[in-house]
Amino acid sequence: DQVWTATSATASDFQAGGGITEADIFMLTGDLALSANVAATLTGLARPSSGDYSSVFGRIGTGISISSGVITFSNTGIYRVEFYSTFMNSSASNPRYCQNYINYSTDSGSSYDLIALGSSSISEISSGGTFGNTFISVHVDVTNTSTHRMQFQAVSEEATSLRSNSDYARTYVAVIRLGDT
């Protein structure tokens with residue numbers, strides 16, 4: 001409800017508040033073996049540091065912290081979190097499902113609640129093994145950076161592995177701060 005004249009406005013007067021101030025991605029750095037029907041917490045997630053993707057990787061802001069598969073947030077706000085998994089099994093067995101989970105804690109990781117679950121069937125590939133992908137995303141309101149945490153898990157009906165690749169995002173977690181709470 002303001003009227004701007006050429007002599008009273010500066011460039012900073014026209015800048016919008018809020019907006020994306022954090023964007024980060026963490027890729028699985030090595031294949032993660034999964035036992036049959038046992039949910040495993042993803043460890044070995046790191047920012048791209050070698051391979052083709054590292055030359056174009058970028059992030060916004062101070063970044064998100066990750067340790068032993070648990071994300072902590074550097075700022076409060078509304079975040080979009082994506083979790084993509086690639087499952088492979090080199091044997092000829094054909095498990096019926098694979099799943100990934102996003103778990104959220106508001107008590108510094110003492111307990112976690114399941115907030116998203118992605119499921120997919122696993123298909124046989126030409127080499128005699130099996131292959132499947134799952135993808136989930138959530139929006140969360142981080143109101144306290146010292147107590148809010150997020151963790152990622154994967155499970156398959158039979159022993160399989162989550163696959164990684166240093167050249168491209170094959171199993172990864174992406175985090176974007178969309179704006180203020």
Side-chain angles (χ1 to χ4, degrees), residues 11-32 34 38-51 53-87 97-120 132-156 162-166 168-181:
S12 64
D13 292 323
F14 295 101
Q15 294 175 352
I20 294 175
T21 57
E22 299 282 346
D24 219 335
I25 190 166
F26 301 94
M27 296 171 25
L28 191 62
T29 58
D31 292 354
L32 178 64
L34 302 174
V38 177
T41 300
L42 265 69
T43 56
L45 291 167
R47 290 182 185 97
S49 61
S50 64
Y53 187 47
S54 68
S55 65
V56 295
F57 163 71
R59 72 177 196 222
I60 297 172
T62 58
I64 309 302
S65 298
I66 191 163
S67 177
S68 300
V70 175
I71 282 183
T72 55
F73 300 90
S74 54
N75 294 295
T76 59
I78 307 295
Y79 286 81
R80 176 181 171 91
V81 180
E82 301 174 350
F83 178 20
Y84 184 86
S85 299
T86 300
F87 295 81
Y97 75 89
C98 55
Q99 295 179 326
N100 59 3
Y101 309 137
I102 297 178
N103 302 311
Y104 198 77
S105 174
T106 57
D107 61 6
S108 302
S110 294
S111 63
Y112 283 91
D113 293 317
L114 174 67
I115 62 170
L117 182 149
S119 293
S120 178
N133 296 100
T134 56
F135 175 81
I136 50 178
S137 68
V138 294
H139 288 183
V140 293
D141 186 0
V142 177
T143 58
N144 186 329
T145 59
S146 63
T147 59
H148 289 220
R149 306 276 183 270
M150 190 172 279
Q151 140 192 115
F152 308 90
Q153 292 183 309
V155 66
S156 178
L162 282 180
R163 300 308 291 263
S164 63
N165 192 296
S166 62
Y168 53 87
R170 194 168 194 182
T171 297
Y172 67 88
V173 172
V175 183
I176 302 168
R177 185 181 180 276
L178 299 173
D180 295 336
T181 299

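Quick caveat, the model's predicted, so the values are computed rather than measured.
Looking at T134 and S85, their side chains come closer than 4.5 Å, going by heavy atoms from C-beta outward. Annotation: side chain of T76 is not in contact with side chain of T143 (no heavy-atom distance under 4.5 Å). Side-chain contact check for T62 versus E22: some heavy-atom pair is nearer than 4.5 Å. A heavy-atom distance below 4.5 Å is found between the side chains of Y112 and R149. A 4.5 Å side-chain heavy-atom check between L28 and R170 finds every atom pair outside the cut-off. Under the 4.5 Å side-chain criterion, counting only non-hydrogen atoms from C-beta, L42 is in contact with T171. By the 4.5 Å heavy-atom criterion applied to side chains, R177 and I64 are not counted as neighbours. Between T106 and N144, every side-chain heavy-atom pair lies at or beyond the 4.5 Å cut-off.
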Trace of the side-chain contact (heavy atoms from CB on, under 4.5 Å) decision for L117 with I136: CA-CA 7 Å; L117 182 149; I136 50 178; 5.8 Å; no
Trace of the side chain to side chain donor-acceptor pair (under 3.5 Å) decision for Q99 with Y101: CA-CA 7 Å; Q99 295 179 326; Y101 309 137; 2.8 Å; yes
Side chain to side chain donor-acceptor pair (under 3.5 Å) between T181 and D141, worked out: CA-CA 7 Å; T181 299; D141 186 0; 2.9 Å; yes
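Within the 3.5 Å criterion, the main-chain N or O of G44 finds a donor-acceptor partner in the side chain of T29.
Every ring pair (Phe, Tyr, Trp, His ring centres under 6.0 Å) that F152 has, sequence neighbours left out, goes to F83. T41 meets the side-chain hydrogen bond (donor to acceptor under 3.5 Å, both in side chains) test with Q153; sequence neighbours excluded. Checked against side-chain hydrogen bond (donor to acceptor under 3.5 Å, both in side chains), S105 has the following partners two or more places apart in sequence or in another chain: D107. Checked against side-chain hydrogen bond (donor to acceptor under 3.5 Å, both in side chains), Q151 has the following partners two or more places apart in sequence or in another chain: N103. Taking the side-chain hydrogen bond (donor to acceptor under 3.5 Å, both in side chains) definition, one finds that Y104 meets it with H148, sequence neighbours left out. Scored by the side-chain contact (heavy atoms from CB on, under 4.5 Å) test, D31 finds R163, S164 as partners (sequence neighbours excluded).
In this structure, OG1 in T21 is found 8.5 Å from CD1 in I60, a value given to the nearest 0.5 Å. Here CZ of F26 is found 7.0 Å from OG of S65. Values are rounded to the nearest 0.5 Å. Atom CG of D180 is separated from atom CD1 of I78 by 9.0 Å, given to the nearest 0.5 angstrom. Rounding to the nearest 0.5 Å gives a distance of 5.5 Å between OH of Y172 and CD of E82. With rounding to the nearest 0.5 angstrom, the CG atom of N100 is 9.5 Å from the OG atom of S120. In this structure, CG on L45 lies 10.5 Å from OG on S68, to the nearest 0.5 angstrom.
Screening N133, L34, V155 for a side chain to side chain contact (heavy atoms under 4.5 Å, CB included) with F87, the sole residue that qualifies is L34.
Taking all atoms of both residues into account, the shortest heavy-atom contact from Y79 to N75 is OH-O, 2.6 Å.
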